[in-house]
Amino acid sequence: MSDIIQLLPDSIANQIAAGEVVQRPASAVKELLENALDAGATNIQLIIKDGGRTLIQVIDNGCGMSDTDARLCFERHATSKIRKADDLFAIRTMGFRGEALASIAAVARVELKTKTHDNELGTCVIIEGSDVKDQQPCQTSNGTSIAVKDLFFNIPARRNFLKSDSVELGHIEEEFRRVALVNINAGFSFHNNGKLLYKMEPSTLHQRIAALFGNSYRQRLYPVEENTDIVKLKGYVCKPEFAKKTRNEQYLFVNKRFIKNYYLNNAIEKAYADMLPEKNFPSYFIDLDVNPARIDINIHPTKTEVKFLDEHAIYAILKAAVKKSLGQFTIGHEMEFNPISGLDEIPVDSSTYVPKAPNIALKPNFNPFEQKNSGGGYSSSKGNGKKNEWERFFEITNENTSSNTSQNIEIQDIETPTKELFQEEEKKSELFAETVPYAIQIGRRFIACDIQSGLLLIDQQRATERIIYDRYMRLENKNMASQTLMFPLNCSFSPADTEILTEIEDEIKHFGFRIDTLGRNNFVVTAVPADLGEENVQSTLEQIINDYKNNLLQQSYTRPESVALSIARRLSTKEGQILQEEEMQNIIKQLFACAVPDQSPSGRRIINIINMNDLSEKLK
């Protein structure tokens with residue numbers, strides 16, 4: 001039998017390695033930025049065209065390379081960081097494996113220009129798909145300029161799987177932020193399709209956060225710092241009131257390297273216990289300085305996963321440090337600190353802290369859903385005691401559900417009556433003029449209503465999301481009513497968010513916002529949707545931008561749908577909010593006037609009917 005095992009050619013081996021290291025344009029950006037930092041650069045430029053498909057270029061003023069190094073750096077496992085195996089346990093540089101440039105060159109056309117500070121001439125190397133096409137002396141600045149063109153030109157299948165330019169640009173911006181955020185001693189600039197997005201000089205971490213995420217973050221941050229023999233940590237956490245619906249702004253670094261560690265992330269979130277609304281997540285920017293001999297970063301091709309020898313101790317220290325910061329700077333929260341082994345107990349001066357009871361003024365007749373204008377909204381009219389459409393609905397529901405003995409009745413049980421009752425506009429108007437049966441609130445989350453077939457349960461938050469969403473989407477080409485602000489509000493956003501806000505400007509105006517540009521990344525808001533309070537403007541716009549970015553990645557909503565859904569979520573009746581009986585009846589009326597009353601705009605179930613048979617079974 002002949003031999004069947006053979007060594008792969010270098011070109012194929014490099015393409016296989018590229019599949020692990022270079023997954024998309026953002027992966028190449030990460031590797032090139034880290035190489036520039038390892039070269040000692042204090043000024044780094046990133047230039048992108050067409051979401052990284054056409055061009056990714058990084059220019060730095062680092063140490064540069066000699067003619068030999070410029071050629072050798074594209075070989076697999078060629079590195080200046082490792083000389084012996086023990087060096088793997090003393091790594092403080094970003095890259096060390098020597099496979100990034102080889103992987104990038106295997107799937108792109110690469111042009112490298114580099115010059116050391118003590119040479120008159122530099123060298124230029126041109127490579128296409130691992131093949132060296134040319135190398136010759138050239139005039140160039142001190143440092144290195146590397147241009148990656150036509151990424152995946154020789155792997156059409158990989159190129160076809162890339163997302164749209166805006167999606168790929170979002171991934172590139174995220175990698176840029178991860179690198180620029182913690183390397184504050186270097187200046188960074190970022191150009192996209194000829195437009196400058198970021199320009200940052202060496203600065204403090206506080207200034208760098210504001211430059212990347214917007215000037216509004218200057219007033220949102222609490223400093224965190226702790227020095228122990230196990231770990232030294234330093235950074236910032238955001239105030240609890242600025243928590244996000246996603247974990248997009250959670251940045252944890254180890255020795256200036258961004259990492260993903262759900263165990264340590266949990267330590268920070270535990271420090272915020274009882275301070276955040278449900279399903280909200282804190283924002284933080286923290287760098288851990290750990291002895292390299294006590295961590296292992298060589299466990300993942302992208303080096304974002306790290307193992308710690310002292311993981312449990314670091315967890316306790318990190319949690320205590322964040323909790324201490326929140327306790328020192330947050331007003332009105334009573335913090336309890338448990339002593340942690342290896343740490344001094346954090347003193348709490350109870351003599352100077354007196355908890356203050358909140359001053360809450362209840363307005364029994366207040367109805368947040370009532371519309372003052374003639375454009376519709378929640379009706380507060382009472383019925384006249386006649387047999388109305390709701391009784392018809394309950395009777396039909398009883399007929400459809402009496403034979404069903406399952407524990408949870410499916411939503412389809414009420415589709416037929418709702419379609420029959422609300423097919424015509426005059427029936428909707430007639431329904432609004434009637435009253436619904438008595439309703440009660442359960443757990444400050446559900447609206448319960450006694451019907452002939454059993455018990456009707458409605459999720460109040462999802463129901464109001466559906467109502468507000470439908471109200472906004474029904475207008476089509478008409479603009480929503482606006483409320484002009486007595487004093488215009490200034491809002492600041494990050495360059496990336498500014499781009500998105502400009503992109504969805506027409507949709508924002510359609511829903512009632514009036515926004516003018518005040519300068520680079522700064523805007524002035526002169527009017528807002530009629531239902532929105534002034535105090536929610538900045539956070540609402542941020543939520544719209546974040547939702548749009550997430551929906552863009554999932555490609556699940558159009559622009560108007562994404563904006564309408566964000567506003568509906570913002571204005572909906574939240575869990576825990578107390579409702580009066582009239583408010584609950586208005587929600588029920590408005591919900592069943594919607595085209596799809598049984599499902600929220602994001603696809604979650606709103607209503608459920610527990611029939612009498614199921615209730616009887618529970619009491620046996």
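The figures that follow rest on heavy atoms only: side chains count, while hydrogens, waters and symmetry mates do not.
With sequence neighbours left out, Arg220 forms a salt bridge (charged side-chain N to carboxylate O under 4.0 Å, His left out) with Glu542.
Side-chain contact between Glu561 and Leu565 is absent, with no heavy-atom pair separated by less than 4.5 Å. Side chains of Leu541 and Phe523 form no contact here, defined as non-hydrogen atoms less than 4.5 Å apart. Here the side chains of Glu175 and Phe258 are not in contact, with every heavy-atom distance at 4.5 Å or above. Residues Leu318 and Ile286 have side chains in contact (heavy-atom distance under 4.5 Å, counting atoms from C-beta outward). Side-chain contact between Asn183 and Phe188 is present, with at least one heavy-atom pair separated by less than 4.5 Å. In this structure, Asn490 and Asn522 have side chains that are not in contact, with every pair of non-hydrogen atoms separated by 4.5 Å or more. You'll find the side chain of Phe253 reaches within 4.5 Å of the side chain of Leu181, heavy atoms only. Counting heavy atoms from C-beta on, the side chains of Tyr284 and Val224 never come closer than 4.5 Å.
Across all their heavy atoms, Gln219 and Lys239 have their closest contact at O-NZ, 2.7 Å. The two atoms that bring Glu311 and Leu264 nearest to each other are O-CD2, 4.3 Å, heavy atoms only. Shortest non-hydrogen contact noted between Tyr272 and Ser283 is OH-O, 4.1 Å. Listed here is the closest heavy atom pair of Glu575 and Gln461: N-OE1, 3.3 Å. Taking every heavy atom of both residues into account, Gly576 and Gln460 meet most closely at N-NE2, 4.2 Å. The nearest pair of heavy atoms linking Ser189 to Leu196 is CB-CD1, 4.3 Å.
Proximity of a side-chain donor or acceptor of Asn255 to a complementary backbone N or O of Val290 within less than 3.5 Å is detected. Counting only distance, with no hydrogens or angles, the side chain of Arg24 and the backbone of Leu162 share no donor-acceptor pair below 3.5 Å. Panel note: side chain Thr498, backbone Ser494; a donor-acceptor pair is recorded below 3.5 Å. Of the possible polar contacts, none joining the Ser27 side chain to the Val22 backbone as a donor-acceptor pair under 3.5 Å is found. Remark: the backbone N or O of Pro282 is paired with a side-chain donor or acceptor of Gln250 at under 3.5 angstrom. Under a 3.5 Å cut-off, the side chain of Arg559 and the backbone N or O of Glu503 do form a donor-acceptor pair. Counting only distance, with no hydrogens or angles, the side chain of Glu168 and the backbone of Lys163 share a donor-acceptor pair below 3.5 Å. With Arg569 contributing its side chain and Ala564 its backbone, the two residues share no donor-acceptor pair below 3.5 Å. Side-chain atoms of Asp60 do not come within 3.5 Å of backbone N or O of Gly143 as any donor-acceptor pair. Looking only at distances, no side-chain donor or acceptor of Asp289 sits under 3.5 Å from a matching main-chain atom of Lys232.
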Residues Asn546, Lys245; criterion side-chain contact (heavy atoms from CB on, under 4.5 Å); working and verdict: CA-CA 9 Å; Asn546 284 332; Lys245 293 291 186 181; over 6 Å; no

Verdict with reasoning, His171 to Gln23, per side-chain contact (heavy atoms from CB on, under 4.5 Å): CA-CA 11 Å; His171 289 289; Gln23 300 171 353; over 6 Å; no

Stepwise side-chain contact (heavy atoms from CB on, under 4.5 Å) test for Gln538 and Leu489: CA-CA 9 Å; Gln538 172 90 32; Leu489 297 175; over 6 Å; no

Worked check of side-chain contact (heavy atoms from CB on, under 4.5 Å) between Tyr198 and Leu212: CA-CA 8 Å; Tyr198 295 89; Leu212 287 169; 3.8 Å; yes

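Rounding to the nearest 0.5 Å places OG1 of Thr464 at 6.0 Å from CD1 of Ile587. From Ser166, atom OG reaches atom CD of Glu173 across 10.0 Å, with rounding to the nearest 0.5 Å. Rounding to the nearest 0.5 angstrom, the gap separating the CD1 atom in Ile500 from the CD1 atom in Ile544 is 12.0 Å. For the atom pair CZ (Arg294) and CD1 (Ile230), the distance works out to 8.0 Å, reported to the nearest 0.5 Å. Rounding to the nearest 0.5 angstrom, the gap separating the CD1 atom in Ile59 from the CG atom in Leu46 is 9.5 Å. Atoms CG and CG, on Leu169 and Asn192 in that order, are 4.5 Å from each other to the nearest 0.5 Å.
Around atom NZ of Lys574, more than 12 heavy atoms belonging to other residues, nucleotides or ligands sit under 6.0 Å away. Counting heavy-atom neighbours within 6.0 Å of Arg444 CZ, excluding the residue itself, gives a total of 12 or less. No more than 12 heavy atoms of other residues, nucleotides or ligands lie within 6.0 Å of NZ in Lys234, so this atom counts as exposed by the packing criterion.
We find that Arg462 and Glu465 are not joined by a salt bridge, their nearest charged nitrogen and carboxylate oxygen being 4.0 Å or further apart. Residues Asp459 and Arg604 are not paired through a salt bridge, judged by the lack of any N-O separation under 4.0 Å between the basic side chain and the carboxylate.
Residues Glu507 and Tyr548 bring no donor and acceptor atom of their side chains to less than 3.5 Å of each other. Side-chain N/O atoms of Arg514 and Thr484 include no donor and acceptor closer than 3.5 Å. Between the side chains of His510 and Tyr472, no donor N or O sits under 3.5 Å from an acceptor N or O.
Between Phe285 and Tyr251, the distance separating the two ring centers is shorter than 6.0 angstrom. Annotation: Tyr315 is in aromatic contact with Tyr263 [ring centroid separation under 6.0 Å].
Ring planes of Phe190 and Phe176: tilted class, angle from 30 to 60°. Ring-plane geometry between Tyr217 and Phe213 is classed as tilted, the angle between the planes lying from 30 to 60 degrees on a 0 to 90 degree scale.
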